[in-house]
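Throughout, residue positions are numbered sequentially from 1 according to the sequence presented. Everything numeric in this text was worked out from a predicted model, so none of it was measured.
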Amino acid sequence: MSSELLIDATHVGLEYRLSKSSYGTLKEFAISALKRQVKYDSLWALKDVSLQVRRGHVQGIIGPNGGGKSTLLKILARVIPPTKGRVIVRGDVAPMIELGAGFNGDLTGFENIVMYGALLGRDVDYMKKSAPGIAEWAGVADFLNVPLRSYSSGMLARLGFAVATDTTPDVLIIDEVLSVGDESFQAQSLDRMLELIESGTAVVFVSHDLSAMRRIATEVMWLDNGSIVTVGDPHEICTAYEDSVESSEI
């Protein structure tokens with residue numbers, strides 16, 4: 001398998017600027033901004049994060065809530081640009097960052113499959129033909145013509161994953177989606193991920209499921225407070241993280 005570098009992120013940082021003052025109206029804020037009277041606090045959600053992911057490799061990312069994991073995925077998925085650093089992502093990207101992102105609750109399952117596929121850059125006619133098979137894989141075939149607002153969170157997760165992985169993307173970005181749904185869906189999704197990895201897809205995978213991390217990750221990065229704690233062997237990093245969590249609970 002080619003060792004082509006698909007993700008190359010170097011010294012990435014993301015800054016949020018939080019206003020120190022409160023304003024009653026947008027007009028008050030705009031006037032203060034024009035007069036340059038608005039003062040800000042700086043919050044760095046990510047600080048000097050670098051990673052490289054090659055074809056067929058799985059980059060696992062773990063850490064506490066608020067550690068910067070989802071922010072990093074949004075940057076890699078080209079949802080938001082970094083404040084500092086450089087990010088290069090090559091090829092087709094299939095992001096699953098937020099449950100239901102890219103879906104419209106007023107449209108049917110069929111319409112959402114076609115729309116979400118089009119957002120991922122796929123041919124509309126292809127998506128129309130593939131929709132029944134995608135719905136069958138996701139276990140929602142009986143609800144294909146029902147508005148998505150009637151779907152449960154588990155059904156949304158299955159459908160989103162089924163659309164994202166219907167083809168073989170160059171890069172698959174997943175944020176906690178596999179923690180939603182029953183054990184059967186989680187096993188089915190992991191098997192599908194392994195198929196994609198064997199086919200050469202590069203995966204960036206955020207999850208609190210450390211057993212899944214140990215099973216499929218090539219390398220694991222531990223993020224905390226926006227910074228890298230350590231990077232390395234999945235078993236070693238996951239064990240160190242577990243020990244850290246246990247010690248903090250004592």
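Side chain of Arg54 to main chain of Ser3: a donor-acceptor pair is present (N/O by atom type, distance under 3.5 Å, no hydrogens or angles). Not a single donor-acceptor pair under 3.5 Å links the side chain of Ser244 to the backbone N or O of Ala240. Listed for the Gln188 side chain is a donor-acceptor partner under 3.5 Å among the backbone atoms of Trp137. No donor-acceptor pair closer than 3.5 Å links the side chain of Lys69 to the backbone N or O of Leu223. Judged purely by atom type and a 3.5 angstrom limit, Thr10 has no side-chain atom pairing as donor or acceptor with the backbone of Ser50.
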Is there a side-chain contact (heavy atoms from CB on, under 4.5 Å) between Glu236 and Thr230 once you walk through the steps? CA-CA 10 Å; Glu236 294 179 1; Thr230 186; over 6 Å; no
In sequence, state the C-alpha distance, the side-chain angles, and the governing distance for Leu210 and Val220, and then conclude on side-chain contact (heavy atoms from CB on, under 4.5 Å). CA-CA 10 Å; Leu210 299 185; Val220 169; over 6 Å; no
Check the pair Met213, Ile237 against side-chain contact (heavy atoms from CB on, under 4.5 Å), reporting the backbone distance first and the verdict last. CA-CA 10 Å; Met213 282 290 172; Ile237 303 302; over 6 Å; no
Where do Asn104 and Asn112 land on the side-chain contact (heavy atoms from CB on, under 4.5 Å) test, with the steps shown first? CA-CA 7 Å; Asn104 185 319; Asn112 272 284; 3.9 Å; yes
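Legend: residues meeting ring-ring contact (aromatic ring centres under 6.0 Å, His included) with Tyr151, ordered by chain and number and at least two apart, are absent. Annotation: salt bridge (Lys or Arg N to Asp or Glu O under 4.0 Å) contacts of Glu15 (sequence neighbours excluded): none. Among residues two or more places apart in sequence or in another chain, the side-chain contact (heavy atoms from CB on, under 4.5 Å) test is passed with Ala138 by Val140, Arg158, Leu159, Ala162. The side chain to side chain donor-acceptor pair (under 3.5 Å) check on Asp224 picks up nothing, with sequence neighbours excluded. In this view, Arg215 and Asp191 satisfy the salt bridge (Lys or Arg N to Asp or Glu O under 4.0 Å) rule, not counting sequence neighbours. Partners of Ser70 by side-chain contact (heavy atoms from CB on, under 4.5 Å), not counting sequence neighbours, listed by chain and number: Asp175. Remark: Asp92 pairs with Asp170 by the side-chain contact (heavy atoms from CB on, under 4.5 Å) rule, at least two apart or across chains. A search for side chain to side chain donor-acceptor pair (under 3.5 Å) contacts involving Thr167 returns Arg122, not counting sequence neighbours. Considering only residues two or more places apart in sequence or on other chains, Glu219 meets the side chain to side chain donor-acceptor pair (under 3.5 Å) condition with none of them.
Rounding to the nearest 0.5 Å gives a distance of 12.0 Å between CD1 of Ile88 and CG of Leu76. Distance check, rounded to the nearest 0.5 Å: OG1 of Thr83 to NZ of Lys47 gives 13.0 Å. Rounding to the nearest 0.5 angstrom, the gap separating the CE atom in Met96 from the CG atom in Leu73 is 12.0 Å. For the atom pair Thr201 OG1 and Arg192 CZ, the distance stands at 8.0 Å (nearest 0.5 Å). Note that CG of Asp166 and OH of Tyr116 are 12.0 Å apart. Values are rounded to the nearest 0.5 Å. Of the inter-residue distances, the one linking Leu14 atom CG with Ile75 atom CD1 reads 4.5 Å to the nearest 0.5 angstrom.
Of all heavy-atom pairs between Pro82 and Val87, the closest is CG-CG2, 4.2 Å. Nearest heavy-atom pair, Ala94 versus Ala164, reported as atom, atom and distance to 0.1 Å: CB-O, 3.6 Å. Of all non-hydrogen atoms in Trp222 and Pro64, the two that sit nearest each other are NE1-CD, 4.4 Å. Shortest non-hydrogen contact noted between Ser207 and Ile62 is O-CG2, 3.7 Å. Summarising the geometry of Leu190 relative to Ala212, their closest heavy-atom pair is CD2-CB, 4.4 Å, with the distance given to 0.1 Å. Of all the heavy atoms in Leu144 and Ala131, the pair that sits closest is CD1-O, 4.4 Å.
In this structure, Met221 is not a member of the same hydrophobic cluster as Trp44, with clusters built from ILVMFWY side-chain heavy atoms closer than 4.5 Å. Cluster annotation: Val79 and Ile7 are assigned to the same hydrophobic cluster (Ile/Leu/Val/Met/Phe/Trp/Tyr, side-chain heavy-atom contacts under 4.5 Å, transitive). In the hydrophobic clustering of ILVMFWY residues, with side-chain heavy atoms under 4.5 Å counting as a link, Leu43 and Val49 come out together. One hydrophobic cluster, built from ILVMFWY side chains closer than 4.5 Å, holds both Val93 and Ile80.
In this structure, the side chains of Leu194 and Glu198 stay at 4.5 Å or more apart for every pair of heavy atoms. By the 4.5 Å heavy-atom criterion applied to side chains, Asn65 and His208 are counted as neighbours. Put simply, the side chain of Met127 reaches to within 4.5 Å of the side chain of Ile134, judged on heavy atoms. Residues Val229 and Tyr241 form no side-chain contact, since every pair of their non-hydrogen atoms from C-beta on lies 4.5 Å or further apart. A 4.5 Å side-chain heavy-atom check between Val171 and Pro95 finds every atom pair outside the cut-off.
Donor-acceptor pairing under 3.5 Å is lacking for the side chains of Asn225 and Ser227.
Residue pairs meeting the ring-ring contact (aromatic ring centres under 6.0 Å, His included) criterion with at least one member in residues 117-136: none, sequence neighbours excluded. Note on residues 82-91: pairs passing salt bridge (Lys or Arg N to Asp or Glu O under 4.0 Å), not counting sequence neighbours, are Asp8-Arg86. Pairs engaging residues 129-152 under the salt bridge (Lys or Arg N to Asp or Glu O under 4.0 Å) rule: Asp106-Arg149 [sequence neighbours left out].
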